[in-house]
Asks: 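Once you've had a glance at the structure underneath, I'll fire off some questions.
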Amino acid sequence: MITAVHLRVFFVLSSVLSVSSEVLRLMHEFNEPLVTAWQLVAGADARLAGIVLLSLRVSLSATLIACVAGMPIGALLAVGRFPGRRALIVLFNGLMGLPPVVVGLLVYLLLSRAGPLGQFGLLFSPTAMVIAQAILVTPIVAALTRQVIADAWSEYREQLRSLGASRPRAAATLLWDGRFSLTTAALAGFGRAIAEVGAVMIVGGNIDGVTRVMTTTIALETSKGDLPLALALGCILIALVLSINALAYALRAWAQRRWG
Amino acid sequence: MITRRLFCSTLAAIGILSATASDAQERFITVASTTSTEQSGLFGHLLPLFENASGITVRVVALGTGQALDMARRGDADVVFVHDKAAEEKFVAEGFGVKRQEVMYNDFVVIGPKADPAKAHGTNGKDILEGLRRIEATKSPFVSRGDKSGTHAAELRYWKAAGVDLDARKGAWYRDTGSGMGPALNTAASMNAYVLADRGTWLSFRNRGELGIIVAGDTKLFNQYGVILVNPAKHAHVKQADGQKFIDWMVSPEGQKAIADYKIGGEQLFFPNAKR
Amino acid sequence: MNAWLKLQHLGLTEGGTRIIDDASLSFAARRTVVLGPNGAGKSTLLRLIHGLLRPSAGELRWQRAMTQAMVFQRPVMLRTTALANVIYGLGLKGHAAKECEQRGRQALARVGLESLARRPARLLSGGEQQRVALARAWALEPELLILDEPTASLDPASSREVERIIGDIAASGARILMTTHNLGQARRIAEQIVFIDRGCIVEQTPVEQFFTMPRTEAAQRFLKDEIP
């Protein structure tokens with residue numbers, strides 16, 4: 001006699017089987033991109049190298065600008081006392097979720113020949129991409145910096161004021177003192193920059209050899225239906241982001257041991 | 001201090017990385033074109049030939065025809081190379097373009113599930129209007145670009161000519177995706193839907209799934225490409241001389257031969273037809 | 001004795017709670033220790049005098065402006081060397097780099113940490129960090145040094161060393177104003193004891209008298225509870 005338990009076992013077994021065949025299919029689907037990715041890297045493809053370098057260059061420049069602008073803003077928001085400070089904190093926290101496409105569109109309209117900065121002819125250049133990403137990333141860096149510095153400020157405030165540090169001076173001191181913790185803010189910004197496609201696509205135009213970066217290449221290959229190649233590039237992008245994060249983590253750990 | 005030095009040198013390295021790769025001052029023009037010319041690989045074949053002949057680099061921004069023309073209206077391109085005759089003529093009439101010149105044509109094809117549930121293939125697979133009518137009659141899924149591209153404009157013309165009033169008949173079967181040719185094909189492949197595509201993009205498209213060509217070869221499916229120099233009278237910075245050189249080369253025997261020579265899997269994608 | 005600081009009806013209210021209530025007091029002694037149970041308002045009083053807090057009532061009357069420095073219960077060290085930590089305060093006062101370096105080294109030598117000048121400050125032991133904090137304060141050559149329970153989180157050996165340094169700073173001419181829970185320490189350091197309880201100044205008494213026969217019942221209870 002077939003009992004309810006038998007039926008259950010049968011049901012579980014059959015679902016396990018169907019799941020495992022699905023897993024096999026997926027493994028095959030993800031295996032091809034990994035092989036392709038490895039071939040691209042091992043073959044030291046010059047075009048790929050150009051695309052990767054441009055991605056790094058654009059996103060690192062944007063992150064650098066965002067740090068130079070965003071970190072002092074974040075520190076002053078943490079340390080300062082001025083009217084509108086709370087509103088600014090809410091604003092910067094909110095701007096962390098700025099949609100890349102909107103930023104791209106705004107920068108496009110700004111840099112377009114018909115726009116206010118049209119005469120510089122910056123549209124469809126890496127510079128335009130750096131500008132768009134810097135705008136996108138600055139609020140992230142500023143908001144995260146504010147959190148880090150606000151924590152430090154609550155610990156240091158009395159000591160620094162006792163020594164006679166003005167608030168801007170205290171902000172500068174805390175920025176330097178928190179330099180290793182702030183790598184997290186910079187990395188979050190960099191991660192956002194290198195992973196975004198909406199803004200660079202619009203202001204860069206995805207021009208082959210000029211403004212084509214990893215994410216726009218992935219978008220292009222996806223739209224050409226070359227999903228394995230798109231996924232392979234995606235793997236390389238992820239590997240790149242992971243290794244930069246690992247590097248920063250190692251630096252931070254070293255700094256922690258070195259400076260406490 | 002060691003850390004300070006390390007910190008500063010890291011910053012400097014990033015700075016140098018950003019600075020060294022500053023845009024090289026090269027001679028270039030910007031061409032606003034369509035995804036079909038870029039993604040089919042035609043530009044990858046043509047542009048090196050032109051660059052060798054002229055020393056002018058061509059930077060292609062690939063968009064839908066409507067977007068490409070808008071971009072040129074704003075003055076962000078020197079030349080437009082698109083495929084929507086009516087829109088192109090309007091562009092010239094408005095004074096944004098100097099003159100429209102025909103360069104080449106390819107053709108549209110109706111892509112759909114090989115099983116062809118709507119029987120859109122008909123008797124000989126050549127009647128685009130009958131094919132569309134059958135798709136609508138069976139409410140078979142159809143993916144529309146919906147992005148004001150040349151292909152989208154053509155699709156709307158075909159529906160009208162087929163006597164299908166889309167505004168009245170549109171339903172869940174008609175998927176307005178607002179996307180480029182490639183994404184629209186990806187959508188169609190995943191939904192097993194019909195879609196109107198240009199042959200070049202279809203031939204270079206890899207994620208075909210169960211899709212195949214259902215209707216092709218109708219003379220109505222003829223898709224003409226035109227090239228226009230953006231009017232320097234509207235936008236003074238337009239690189240008139242170099243842009244004109246590009247246009248002249250495209251319609252020259254040399255350029256026309258290069259177009260005819262471009263093949264995928266032995267199949268010619270674009271047919272030069274510049275008037276001399 | 002001439003009072004260098006007078007508190008006149010000083011009060012601090014925070015969130016409806018009176019932390020310091022109508023405190024009037026004259027400071028004339030060179031070394032004053034403020035005693036009182038936890039939460040009595042000792043630290044708050046020190047912060048009001050140092051200027052870290054602004055009184056909500058009354059005022060502070062200084063005989064003349066005095067340079068001050070403050071050492072806290074837990075030393076705050078910047079992520080840099082011990083020497084750079086000492087120099088930081090001097091730099092803020094606008095001294096030239098060379099002078100800062102010289103005075104910083106001198107201050108570290110006085111607290112017996114010259115050999116650790118180049119060590120990362122945060123990796124020093126708690127006692128060493130507190131000595132760096134004392135050096136940082138001392139380098140400013142304050143006329144008034146305020147210390148808020150400077151040995152509360154230190155072991156006995158470190159406490160003795162810190163006490164020794166406080167004595168040296170006092171001997172170099174600075175006035176000392178501090179709090180502690182260590183009554184033996186209070187007795188060793190203070191000339192005058194100020195006893196406060198629940199935000200009120202209860203009594204101000206010369207040190208020997210305070211420990212032998214305090215004037216108020218509250219102080220008597222305090223001493224009995226603290227020394228079993």
Side-chain angles (χ1 to χ4, degrees), chain A residues 67 71-72 74-76 78-83 85-86 144-145 147-187 248-260, chain C residues 43-44 46-54 67-82 84-95 100 104 118-126 128-130 132-140 142 144-148 150 177:
Chain A
C67 286
M71 286 187 173
L76 287 174
V79 169
R81 272 200 310 196
F82 48 89
R85 172 172 161 267
R86 277 161 199 274
L144 295 180
T145 299
Q147 282 171 19
V148 170
I149 299 298
D151 287 347
W153 179 233
S154 64
E155 187 191 341
Y156 288 35
R157 186 177 65 222
E158 291 194 321
Q159 180 70 67
L160 292 181
R161 286 187 52 203
S162 168
L163 291 171
S166 65
R167 281 174 192 268
R169 180 63 196 256
T173 299
L174 292 179
L175 279 177
W176 175 253
D177 200 64
R179 60 202 178 276
F180 298 112
S181 307
L182 289 174
T183 50
T184 312
L187 277 179
Y249 185 83
L251 175 76
R252 223 186 129 170
W254 171 82
Q256 194 90 44
R257 279 197 309 278
R258 177 80 178 78
W259 292 108
Chain C
S43 297
T44 308
L46 259 49
R47 281 163 172 74
L48 281 167
I49 292 170
H50 191 45
L52 289 175
L53 295 172
R54 203 184 284 255
T67 55
Q68 301 182 30
M70 184 158 174
V71 172
F72 298 86
Q73 180 179 342
R74 297 183 54 200
V76 175
M77 293 287 122
L78 299 171
R79 285 181 182 79
T80 177
T81 60
N85 265 284
V86 174
I87 289 174
Y88 179 77
L90 288 170
L92 289 178
K93 297 275 185 288
H95 294 288
C100 287
R118 291 289 171 193
R119 291 273 287 278
R122 288 214 165 209
L123 298 185
L124 300 176
S125 73
E128 288 164 343
Q129 289 195 22
Q130 192 61 294
V132 173
L134 283 161
R136 179 163 62 192
W138 202 351
L140 297 172
L144 171 62
L145 177 65
I146 299 175
L147 305 104
D148 185 10
L177 175 60

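Naming: A, B, ... by sequence-line order, numbering from 1 per chain.
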Asks: Can you confirm whether A:E158 sits close enough to C:M70 that some side-chain heavy atom of one is under 4.5 Å from a side-chain heavy atom of the other?
Replies: no
Asks: May I ask you to test the C:V76-A:L160 pair for a side-chain heavy-atom distance under 4.5 Å?
Replies: no
Asks: Between chain A and each of C:V71, C:I146, C:L92, C:L90, count heavy-atom pairs under 4.5 Å; write down the option with the most.
Replies: C:L92
Asks: Heavy-atom cut-off 4.5 Å, strictly under: side chain, backbone, both or neither for A:R157 against chain C?
Replies: neither
Asks: Tell me, side chain or backbone of C:R74 under 4.5 Å from chain A's heavy atoms, or both, or neither?
Replies: neither
Asks: Against chain A, label C:L140 side chain, backbone, both or neither, depending on which of its atoms sit under 4.5 Å from a heavy atom there.
Replies: side chain
Asks: Ignoring hydrogens, what is the shortest heavy-atom contact between A:L163 and C:Y88? Give both atom names and the distance.
Replies: CD1-CD2, 3.8 Å
Asks: Side-chain contact, heavy-atom cut-off 4.5 Å: C:L78 with A:Y156?
Replies: yes
Asks: Kindly compute the distance separating CG (A:L174) from CZ (C:R79), expressed to the nearest 0.5 Å.
Replies: 10.0 Å
Asks: For the residue pair C:L52 and A:S162, what are the closest heavy atoms and their distance?
Replies: CD2-N, 4.0 Å
Asks: For C:R119, look at atom CZ and say whether over 12 heavy atoms of other residues, nucleotides or ligands are found less than 6.0 Å away.
Replies: no
Asks: To the nearest 0.5 Å, what is the distance between CD (A:Q256) and CZ (C:R122)?
Replies: 9.0 Å
